[in-house]
Amino acid sequence: MPTKTTMPTQPKKQQRPARAAAAALVPLLALAVTACGEGGRAGAGDGSGSVRPDVPVTGVHWTVESVTVDGRRTDAPAGAHLAIDGSGRAKGNLGCNHFTAKATVEGDTVTLSDTGITEIGCPEPLQSFEDALGATLTGRLTAELTDGRLTLTTAGGDTVRLSEQPPAPLTGTRWTVDSLIAGKAATSLPPGTEGKASLVFGKDHSVRGNLGCNQFSASVTSDRGTLTFGRVVTTRKLCAGPAMELEQALLKVMKGKVGYVIDHRSLTVTAPGGTGFAAGADGADGHTGGAEKRATGAPTAR
């Protein structure tokens, strides 16, 4: 009878180390997926897998210094500025008219869209500057920030240069009148009077300046968003029609108790009837050198 040979039994392979290795890969794969998702965010990556932080442009008042279109640089008028808040809204001034827009910031890309602009009629050269700045501050812009100065560049190479400036205080700042107010509407100044009317509030409860033609001075007190003007004293120079028109409009506002609002570097003064004026702060630091000192001598009435 043949003998039955029994083959030795092979030991079973251990499966646990393989399962453990697979389990260890799970968190690594999750990290890789997360990294790929972050690196793929539009405008936030540079192709190397790293994530660029957003350029810190929000929450800052950016004063426009110049705009360059087709290689031609034009310096900005006083008051031109841009501000972007943390909720995705931009607002500012194009040199004459105010504007608002939708804003997104991703890495070094700032995108402005859905722009709305006020409709003040602007004289030259303000209108030409405003047209150039408005056409440049739209769409996708590359942002570069160096030493407090911001440069926004279009795909075509046009640029807007801006600088960060602090808020302007009421006193000690030279405020240059840039528009008149009637109700909720702002209107341009009479032709030829742009930049001629200005005022400086002193720490001695005084206000002095120019009404567009004549020098003036008055006492004034401020309290919780209101100004109370005393009697206004002016020189008595004869002025051409537009200059006198501006002067009379300002004098009507500066009577008794009026309201005022400062929005960073913009001042709005409104009388109870809804008439008023808006003014912008002069100077790179919110002060015009010696403005308060120059204004200490009261005008001599003739």
Side-chain angles (χ1 to χ4, degrees), residues 59-63 65 76-81 83 92-93 148 163-181 186 189 193-237 243 246-302:
V60 178
H61 180 101
W62 296 103
T63 294
E65 294 183 343
H81 67 274
N93 186 288
S163 61
E164 181 178 356
Q165 292 193 356
L170 176 66
T171 59
T173 299
R174 188 179 186 89
W175 298 100
T176 298
V177 178
D178 53 34
S179 62
L180 298 176
I181 297 172
L189 301 179
T193 65
E194 297 82 7
K196 293 186 176 181
S198 62
L199 58 162
V200 178
F201 294 90
K203 295 179 181 180
D204 59 350
H205 304 294
S206 69
V207 58
R208 309 176 191 275
N210 191 294
L211 297 168
C213 174
N214 282 288
Q215 300 289 323
F216 81 95
S217 68
S219 63
V220 65
T221 57
S222 61
D223 180 45
R224 299 181 182 180
T226 63
L227 297 170
T228 302
F229 288 93
R231 178 173 175 266
V232 177
V233 177
T234 73
T235 55
R236 297 184 179 180
K237 182 171 64 176
L246 174 59
E247 182 166 302
Q248 292 301 315
L250 296 178
L251 286 173
K252 287 181 180 178
V253 177
M254 293 190 292
K255 286 184 177 181
K257 192 173 184 177
V258 301
Y260 83 96
V261 174
I262 294 179
D263 182 5
H264 201 84
R265 300 181 64 79
S266 298
L267 168 69
T268 303
V269 179
T270 310
T275 60
F277 62 86
D282 289 356
D285 60 356
H287 300 76
T288 297
E292 191 170 1
K293 183 177 179 181
R294 288 196 303 272
T296 55
T300 302
R302 297 179 183 176

- Message: Once side-chain contact (heavy atoms from CB on, under 4.5 Å) is applied, do any residues pair with N93, and if so which ones, sequence neighbours excluded?
- Response: H81, H98

- Task: Heavy atoms only: give me the nearest L246-A197 pair and the separation to one decimal.
- Result: CD2-CB, 3.9 Å

- Minimum side-chain heavy-atom gap T173-D282 below 4.5 Å: no

- Message: Do W175 and V269 make a side-chain contact, defined as non-hydrogen atoms from C-beta onward lying under 4.5 Å apart?
- Response: no

- Item | Reported OG1-to-CD distance for the pair T63 and E164, which is rounded to 0.5 angstrom | 9.5 Å

- Message: Please give me the minimum heavy-atom distance between A243 and C213, naming the atom from each residue.
- Response: CB-CB, 4.1 Å

- Note on the structure: Of all heavy-atom pairs linking L189 and V177, the shortest is CD1-O, 3.4 Å

- Message: Going by side-chain contact (heavy atoms from CB on, under 4.5 Å), V220 matches just one of T228, V207, V232. Which one?
- Response: V207

- Which atom pair, heavy atoms only, marks the closest approach of G209 to Q215? O-OE1, 3.1 Å

- Reported CZ-to-NZ distance for the pair F229 and K257, which is rounded to 0.5 angstrom: 13.5 Å

- Message: So M254 and L211, do their side chains get closer than 4.5 Å, heavy atoms only?
- Response: yes

- Query: Minimum heavy-atom separation for V200 to R174, with atom names?
  - Reply: CG2-CA, 3.8 Å

- Message: Testing N214, T234, T193 one by one against E247 for a side chain to side chain donor-acceptor pair (under 3.5 Å), which residue passes?
- Response: N214

- Report yes if the side chains of L250 and F216 come closer than 4.5 Å at any heavy-atom pair, otherwise no. no

- Task: Among residues two or more places apart or on two chains, list those pairs meeting side-chain hydrogen bond (donor to acceptor under 3.5 Å, both in side chains) that have a residue in residues 267-277.
- Result: none

- Note on the structure: The reported gap from OG1 in T171 to NZ in K203 (rounded to nearest 0.5 angstrom) is 6.0 Å

- Decide yes or no for V258 and Y260: does some side-chain heavy atom of the first lie under 4.5 Å from some side-chain heavy atom of the second? no

- Under 4.5 Å between any side-chain heavy atoms of S222 and L170, yes or no? yes

- Query: Can you name the closest pair of heavy atoms from T221 and H205 and give their distance?
  - Reply: CG2-ND1, 4.5 Å

- Message: In terms of relative ring orientation, are H61 and H264 parallel, tilted or perpendicular, with 30° and 60° separating the classes?
- Response: parallel

- Query: When rounded to the nearest 0.5 angstrom, what is the spacing between NZ in K252 and CG in L180?
  - Reply: 11.0 Å

